[in-house]
Amino acid sequence: MRRWPIYWLLELQLSPLGRQLADLRRVELGGRGYLQFNLPGGLTPEISYELGAMATLDAFFIYYAALGGQTGPFLQPLDTAFTPAWSPDLVMTRRYRQDHRAVDTLASQHCYSSDLADRPWNALRVLDPLSGGGTTLFTALMGADAAGVEQDENDVRITVTFFKQYAQQQRVNHTVKEERLKKVGRRWTFEIGKRNASPAQRQQCILAQGDAAQSAQLIAGFKPHLIVTDLPYGIQHQGKLNALLSSALPVWEALLPPSGALALAWDATRFGRAEMTALVQQSCSLRVLDEDLYAQFGHQVDRVIKQREVLVARR
């Protein structure tokens, strides 16, 4: 059982768990919405890991209709096999920038849409080429290596300072290398973990200041499996959005391996799903997944962003 907004229902259906769940439905307990489902095959280590990765910023529960002769319902938090590399506070602290729960879903859906769905998070590398305040970046760091590109120098410096201070407060071993990249911008590379630790116990995080269309130069040496980004909400005119994606999408496509995928979230109040699909297909050769469940991820974020859409594309 899991507390839910509507896009979590779709996430579960699209995930590798989708075929192993039975009786997936929406229920209300104590005035709060949940997703309820059965696991006919039991809670295996693989399912436990997957549930834990999906619940990094929330939780799953075991449902009991009654316990000890007492009528329920009762919910027991599920202790899963997934241990995040960082405290979820790292993401929650930055939530003012974006709807962090939707970003978590976006990252999960993105991974499921690629050929990498069976890989553990610590074997993946994620790029957010429009990283803003770093919410998607830090969500990815719950298990994966991550890189972010942002043009606003002030945003990047604030995010770098925040991450440095957070790592110091949490007493996480790390080193930071700052570089000036000729004609393209600056880059800060965090190497996280003890120097003599195994690769599985170390992480890399890159924060780069520069143009999203120059992502390849800004993160040179970092090869993402997945590209997950939330388009800037401040763009009011379609011309600016066209210019941004027309120049950046071919670069992002070139960074992806054959098994990778690209996911975009955006404010669709003025620029609908059909227009975005057409723009992506005109700008690169990625195939937009627009069938069945993929076309149902639209949701309201707040009173300003009344329709937020998610689009996934693959080679």
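- At least one donor-acceptor pair under 3.5 Å links the side chain of R273 to the backbone N or O of V310.
- Y63 places none of its side-chain heavy atoms less than 4.5 Å from the side chain of Y34.
- Panel note: side chain T71, backbone A66; no donor-acceptor pair is recorded below 3.5 Å.
- No side-chain heavy atom of R202 sits under 4.5 Å from any side-chain heavy atom of I192.
- Taking CE from M276 and CG from N242, the interatomic distance works out to 8.5 Å, rounded to the nearest 0.5 Å.
- Remark: side-chain polar atoms of D152 are paired, donor with acceptor, to backbone N or O of N154 under 3.5 angstrom.
- Listed for the W266 side chain is a donor-acceptor partner under 3.5 Å among the backbone atoms of F271.
- When only modelled atom types and interatomic distance are considered, Q209 and E150 share no side-chain donor-acceptor pair under 3.5 Å.
- Listed by chain and residue number, nothing satisfies the ring-ring contact (aromatic ring centres under 6.0 Å, His included) test with F222 (two or more places apart in sequence, or in another chain).
- Between the side chain of R125 and the main chain of A147, no donor-acceptor pair closer than 3.5 Å is present.
- In this structure, S246 contributes its side chain and A243 its backbone to no donor-acceptor pair below 3.5 Å.
- Each of V228, L127, L226, L256 was evaluated against L262; a single residue qualifies, L256, per the side-chain contact (heavy atoms from CB on, under 4.5 Å) test.
- Separating the CD atom in E178 from the CG atom in L207 is a distance of 11.5 Å, to the nearest 0.5 Å.
- D79 meets the side-chain contact (heavy atoms from CB on, under 4.5 Å) test with no other residue; sequence neighbours excluded.
- No donor-acceptor pair under 3.5 Å is formed between the side chain of T80 and the backbone N or O of L51.
- The closest side-chain heavy-atom distance from L245 to W252 is below 4.5 Å.
- T135 is not listed as a side-chain neighbour of L137, based on a closest heavy-atom distance of 4.5 Å or more.
- A donor-acceptor pair under 3.5 Å links the side-chain atoms of S247 to the main chain of L244, judged by distance alone.
- Put simply, OG1 on T269 and CZ on R308 are 11.5 Å apart, with the number rounded to the nearest 0.5 Å.
- Proximity of Y166 to S87: side-chain heavy atoms (C-beta onward) are separated by under 4.5 Å at one or more points.
- What you find for Q204 and E191 is that their closest heavy atoms are NE2-OE2, 2.8 Å.
- F138 places none of its side-chain heavy atoms less than 4.5 Å from the side chain of D89.
- Ring pair F60/F37 is perpendicular by interplanar angle, where above 60° counts as perpendicular and below 30° as parallel.
- The nearest pair of heavy atoms linking A263 to V312 is CB-CG2, 4.2 Å.
- For the atom pair L279 CG and L249 CG, the distance stands at 6.5 Å (nearest 0.5 Å).
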For side-chain contact (heavy atoms from CB on, under 4.5 Å), just list the numbers for D145 and L124, CA-CA rounded to whole Å, side-chain angles, deciding distance to a tenth of an Å, and then say yes or no. CA-CA 6 Å; D145 288 349; L124 295 174; over 6 Å; no
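- Within the model, atoms OG1 of T277 and CG of L311 stand 5.0 Å from one another, a figure rounded to the nearest 0.5 Å.
- The side-chain heavy atoms of L90 and P84, taken from C-beta on, include no pair separated by under 4.5 Å.
- By the 4.5 Å heavy-atom criterion applied to side chains, Q203 and F190 are not counted as neighbours.
- Between A22 and P40, the closest heavy-atom pair is CB-CG, 3.6 Å.
- Between Y49 and F82, the ring-plane angle classifies as perpendicular under the 30° and 60° cut-offs.
- T229 OG1 to L264 CG: the interatomic distance, rounded to the nearest 0.5 Å, is 7.0 Å.
- Side-chain atoms of R187 never come within 3.5 Å of backbone atoms of E179 as a donor-acceptor pair (strictly under, hydrogens ignored).
- Other residues, nucleotides and ligands place more than 12 heavy atoms under 6.0 Å from the CZ atom of R25.
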